[in-house]
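Notes follow the structure.
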Amino acid sequence: MLVPTPSKELLVVKDLRKWFPVRRSLADILAGRERKYVRAVDGVSFTVVCSEVFCLVGESGCGKTTTGKLIVRALRPTSGKMLYRVGEEVLDALRALHVHLEDDSFIDLAGRFRGKADKLLRREVQMILQDPYGSLNPRQTVRDILEEPLIIHCIGGSKEERLELVVKALKDVKLTPPEEFLDRYPHQLSGGQRQRVNIARAILLKPRLIVADEPVSMLDVSIRAEILQLMLELRDVKNLTYVFITHDLAVANNICDRIAVMYLGKIVELGPATEVIRNPLHPYTKALIAAIPEPDPRKGKAIKEVPIKGEVPNAVNVPSGCRLHPRCPYAEERCKHEEPELKDVGGGHLVACHLY
Amino acid sequence: MTLLEVKNLHVHYRTLKGVVRAVEGVTFELGKGEALGIGGESGCGKSTLAFALMKLVPPPGRIVKGKVILDGRDLTKLPDDVLRKEVRWKEVSMVFQGAMNALCPVFTIGDQLAGPLMYHWGMSRREALERAAEALEMVGLHPDMLRRYPHELSGGQKQRVVIAMAILLNPKLIIADEPTTALDVIVQAQIMNLFKKLKKELSSSLVFITHDLSLIADIADKVAIMYGGKLVEFGPAEEVFIEPKHPYTHLLLSSIPRIDRRTKLTWIPGTPPDLRNPPPGCRFWPRCPHATDKCKKEEPPMVELGRSHRVLCHLYA
């Protein structure tokens, strides 16, 4: 594992919120009922350090994808800050554009940006999408797909120059020989190859931060590791930092440096990957780990104890106090009223639970 | 005692671009009350095999050769109306892939569960609803669910309803095709517990199809690994998982990321074969680390390794 030296924070997320309004019916409006919100992300704070793989883990509906979309500015947060340390070259350009900077090198991605500043920031943060079957335009060839971001960002003056960059990106993701792939359509590629094109598209603009939203969940187990290994190699070669979103703790265990476990829009546990998995503290994390099936018939067969009952509640009616209390086996009176805060229990291991 | 015997089964899809040989020469047997796990990558033919067991392969697919013998009766020889009245659901039922969408949105759960009971067992609506309530309780749902519509249920609840539907008529064989794929890990563990409980309580046999070998280890007594339409390894779960013989099984098992240790990631290079035009010889040789010249030319034989453990590989011939 590459230890980030010096450990500089690249992204500082502070109390990030994204509430989606729910449509009211006419009857609701006439009765004067308050507007309801889906609290997809509800007060999330974390720091991503340069060249680490930071993992957001949780079940569906916990807000991990929304957090990812907020970081790449596909959505605008309801409130909160996302301070991003801008690279040297871009920093000068942004200063020239008189964009507001915090601490002289951070920019708040939650802000509104226009024109040139917007484009510069888009190049800094890119995303790898989950579904390799739905995220590539079926009517474009690989060449078109990869050339488009270059055209939009005016990189490479001529068609030949752009082609050179595209070929290089294909080589980077090990789609070789690149000439063979340039004129293929997505349907002529396998799932793994499509995901490589997705990765090539993400690295083309030389970003420093990549949000990878479940990049391997749609792929066969036999090729998952290959894509993960490629992502790790690219991190070392291109000095990337990943925010890796996954529901699979076993995948997280194998590639992440730090893990944040989310539940209903909140982070319930955060810490170094090995710490969180070997020594989980939050009842929810414990249940997530206990629920993972192991490929060993000697361990299976017996009914497995999964301490957490039922399913994730609707994010519109979030339970009071600790959000897990209706499902938690350790819930006390206090858990129903008081919301636990994320507290450090030593060694950068944070947990939001009244038990600690 | 043997309940199901599949002998040299071939299923082909005739398409405009050629014949897709989705299942080729699959042979296995399954005892009463046993659970068989079928695993493999996507496109290896495992779902086609599941449909073939009920003679329900969607067109243009067709069973071209082989036998599916359930309790002494060859299902491939039976006409459709006999299958519908006597076999499907009564003797063999299925939990379909993407079961979340297998329920009809405009009927209540009760109506959907009562249907097969009224048709097959000639029950009155009232009797059928009583039996349906029993089935719901077996899968851990409250009988109140009978009056609900599918959209009122969560994913895990819908999955339980679909499982209740499959056990409704006490079939001899239940086929579950990727029953937990769309579910979260915690709900998945709950559903797996349900399958284990049902397996103990009912005397039905289970065919469990999934790409996730960990789930097979969780429930199956026997394991069948498929690659490129062929059964490459078949045997008791303990033997196959602990001492896999076929290079493919071995690689597949070692590419599963583990939670209990942090290991160097391994994978199987290359892509699965195109079933319209599979490579000559062994179908796995282009990706196999042990491939020899013989593998490229000759189809490997099925080698018996004792105690119903079989492997399709030249290494053991």
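To find a chain, count down the sequence lines: A is the first, B the second, and so on, and within it residues start at 1.
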Would you say [X] and [Y] make side-chain contact, with heavy atoms under 4.5 Å?
{"X": "B:W267", "Y": "A:Q229", "value": "yes"}
{"X": "B:I186", "Y": "A:R327", "value": "yes"}
{"X": "A:L288", "Y": "B:V185", "value": "yes"}

Closest-packed option against chain A by number of heavy-atom pairs under 4.5 Å, given B:L194, B:L213, B:I256, B:L252:
B:I256
Which of residues 224-235 of chain B get closer than 4.5 angstrom to chain A, counting heavy atoms alone?
none
Heavy-atom contacts under 4.5 Å, residues 270-279 of chain B to chain A
B:G270, B:T271
How many angstroms lie between [atom1] in [X] and [atom2] in [Y], if you round to the nearest 0.5 Å?
{"X": "A:I289", "Y": "B:I259", "atom1": "CD1", "atom2": "CD1", "value": "5.5 Å"}
{"X": "B:L265", "Y": "A:L232", "atom1": "CG", "atom2": "CG", "value": "7.0 Å"}
{"X": "B:S154", "Y": "A:N314", "atom1": "OG", "atom2": "CG", "value": "11.5 Å"}
{"X": "B:D260", "Y": "A:D296", "atom1": "CG", "atom2": "CG", "value": "9.0 Å"}
{"X": "A:S222", "Y": "B:L253", "atom1": "OG", "atom2": "CG", "value": "12.0 Å"}

Test: B:R258 and A:E294 ion pair at under 4.0 Å
yes
Can you see which heavy atom on B:S214 is nearest to which on A:P293, and at what distance?
CB-O, 3.5 Å
Only pairs of heavy atoms separated by less than 4.5 Å count here; which of A:A252, A:S60, A:G61, A:S190 has the most with chain B?
A:S60
Which region of B:K264, side chain (C-beta onward) or backbone (N, CA, C, O), has a non-hydrogen atom less than 4.5 Å from a non-hydrogen atom of chain A, or is it both or neither?
side chain
